[in-house]
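What you see is a predicted model; the values in this text were computed from it and never measured.
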Amino acid sequence: MGYTGYDELVAEGLTTPFEGWDFGVFQGRYAEVGDADLPWNYLELVRERLAPATSLLDLGTGGGEVLASLQPLPARTAATEGFAPNVPVARERLEPLGVEVAEVGEDDRLPFADAAFDLVVSRHESYDPAEVRRVLRPGGVFVTQQVGGGDLVEVNQALGAPAHGYADWDLAAASGQLRAAGFTVDWQQEARLPATFRDVGALVLFLRITPWHVPDFTPDRYAERLRALHATMVAGEPLRAHSHRFALVARP
């Protein structure tokens with residue numbers, strides 16, 4: 001019949017527990033670009049600027065996994081998170097390390113005083129350049145790695161879904177916004193690397209945890225395209241796509 005296991009895979013994608021921002025659950029089923037695959041290393045970009053910093057703010061910390069890996073942390077370290085289910089996960093991991101975790105809204109307003117931090121970092125999190133500049137001290141640094149607007153566009157195309165709402169978000173756009181907000185961009189780089197979905201369960205789970213990618217996604221709404229993808233995947237042809245990443249270092 002060609003669709004053996006389809007319903008089970010979709011149900012799995014809808015129910016698999018997922019917390020923080022740990023993609024280990026996708027092992028062998030969805031391969032995306034990792035920091036080790038990029039022509040730069042985000043953690044090294046941060047570490048190079050961490051030693052002299054007495055205060056650090058991590059935007060969009062997820063479950064706090066990346067921030068915790070940067071220990072030892074400055075005496076004043078704070079983090080934000082806008083995805084409500086991740087907030088208690090981040091607090092459980094980070095508060096024992098002395099890190100304040102603040103829940104934020106979609107407006108990217110930061111609940112911190114002016115000039116509060118030497119270093120602000122953001123890995124795959126939206127930000128308001130004016131807010132970042134406000135909370136940075138004179139001589140401070142902003143380091144970010146972003147998911148670009150060309151990320152996994154093949155998923156939208158395969159589903160017949162509209163392009164996601166940040167399609168124009170790329171290195172040029174981010175650099176321009178920062179310069180307009182009074183930053184100097186010291187370093188920048190962009191990359192596009194292959195990504196692969198091997199079964200529809202992994203695809204459904206991915207779309208469940210990234211609701212901004214296909215905002216109207218439900219398995220019922222896209223059932224015809226999902227079933228066609230399933231038939232192709234079980235025949236040995238995965239859904240091939242491309243991850244879009246860019247990174248930059250800037251200072252007021």
Side-chain angles (χ1 to χ4, degrees), residues 13 18 21-48 59-60 62 65-66 69 83 121-127 129 132 142-180 183 185-215 217 222 225-226 228-229 232-233 236-250:
F18 187 89
W21 209 239
D22 180 4
F23 273 36
V25 68
F26 288 104
Q27 185 69 35
R29 303 173 63 191
Y30 165 50
E32 68 153 5
V33 59
D35 281 344
D37 303 306
L38 291 166
W40 64 85
N41 187 302
Y42 171 77
L43 292 178
E44 287 306 310
L45 291 174
V46 174
R47 286 193 181 104
E48 288 169 6
L59 304 180
E65 302 91 345
V66 174
S69 76
F83 185 49
V121 300
S122 168
R123 182 181 182 274
H124 304 175
E125 177 69 3
S126 65
Y127 59 88
V132 173
F142 177 48
V143 179
T144 185
Q145 178 175 297
Q146 292 284 304
V147 177
D151 194 59
L152 304 178
V153 295
E154 296 89 348
V155 169
N156 301 66
Q157 293 165 354
L159 292 173
H164 43 62
Y166 58 99
D168 295 331
W169 183 236
D170 60 11
L171 181 59
S175 297
Q177 286 184 8
L178 286 167
R179 290 188 176 102
F183 282 85
V185 177
D186 293 333
W187 173 90
Q188 57 185 332
Q189 198 166 358
E190 192 163 25
R192 288 174 171 82
L193 295 173
T196 305
F197 289 90
R198 298 195 177 278
D199 67 74
V200 294
L203 180 58
V204 169
L205 174 57
F206 176 83
L207 293 172
R208 184 188 113 208
I209 64 176
T210 59
W212 54 86
H213 200 90
V214 180
F217 176 79
Y222 288 95
R225 293 295 186 100
L226 279 176
L229 282 170
T232 303
M233 289 170 169
E237 181 57 39
L239 173 57
R240 302 185 189 279
H242 290 85
S243 297
H244 179 197
R245 301 285 186 271
F246 62 87
L248 53 82
V249 177

- request: Give the minimum heavy-atom separation between A174 and F246, together with the two atoms involved.
  value: CB-CE1, 3.5 Å
Partner residues of F142 under the ring-ring contact (aromatic ring centres under 6.0 Å, His included) criterion, sequence neighbours left out: Y127
message: Using the side chain to side chain contact (heavy atoms under 4.5 Å, CB included) criterion, which residues pair with R225? Sequence neighbours excluded.
response: L159
Verdict with supporting geometry, L207 and V155, side-chain contact (heavy atoms from CB on, under 4.5 Å): CA-CA 10 Å; L207 293 172; V155 169; 4.2 Å; yes
field: Residues that E125 engages under side chain to side chain contact (heavy atoms under 4.5 Å, CB included), provided they are two or more places apart
entry: L59, S122
- prompt: For the residue pair F183 and P129, what are the closest heavy atoms and their distance?
  reply: CE1-O, 3.4 Å
task: Taking side chain to side chain contact (heavy atoms under 4.5 Å, CB included) as the test, write out the residues that go with D199, two or more places apart.
output: L9, R29, A202
Under the side chain to side chain contact (heavy atoms under 4.5 Å, CB included) test, residues paired with T196 that sit two or more places apart: R198, P238, R240
query: For L203 and L226, what are the C-alpha separation, side-chain angles and deciding distance, and is it a side-chain contact (heavy atoms from CB on, under 4.5 Å)?
result: CA-CA 9 Å; L203 180 58; L226 279 176; 4.0 Å; yes
field: Heavy-atom closest pair, residues L45 and A247
entry: CD1-CB, 4.4 Å
message: Are L205 and Y30 packed together at the side-chain level, in the sense that at least one heavy-atom pair is separated by less than 4.5 angstrom?
response: no
- request: List for me each residue that meets side-chain hydrogen bond (donor to acceptor under 3.5 Å, both in side chains) alongside R47, sequence neighbours excluded, and say none if there are none.
  value: E44
- prompt: Residues in side-chain hydrogen bond (donor to acceptor under 3.5 Å, both in side chains) with E154, at least two apart?
  reply: H242
Cut-off 3.5 Å, no hydrogens considered: what does the side-chain donor-acceptor table look like for residues 161-169, sequence neighbours left out?
| residue | atom | partner | partner atom | Å |
| --- | --- | --- | --- | --- |
| H164 | NE2 | G149 | O | 3.3 |
| H164 | NE2 | D151 | O | 3.3 |
| W169 | NE1 | Q146 | OE1 | 3.1 |

Set of residues satisfying side-chain hydrogen bond (donor to acceptor under 3.5 Å, both in side chains) with respect to N156, sequence neighbours excluded: H213
- prompt: Which residues satisfy the ring-ring contact (aromatic ring centres under 6.0 Å, His included) test with Y222, sequence neighbours excluded?
  reply: F217
field: Pairing residues for R179 by the salt bridge (charged side-chain N to carboxylate O under 4.0 Å, His left out) criterion, not counting sequence neighbours
entry: none
query: So H244 and D170, side-chain contact (heavy atoms from CB on, under 4.5 Å) or not? Walk me through it.
result: CA-CA 9 Å; H244 179 197; D170 60 11; 4.0 Å; yes
Rounded distance [0.5 Å steps], CD in Q189 versus CD in Q145: 10.5 Å
task: State which residues pass side-chain hydrogen bond (donor to acceptor under 3.5 Å, both in side chains) with E48; sequence neighbours excluded, sorted by chain then number.
output: none
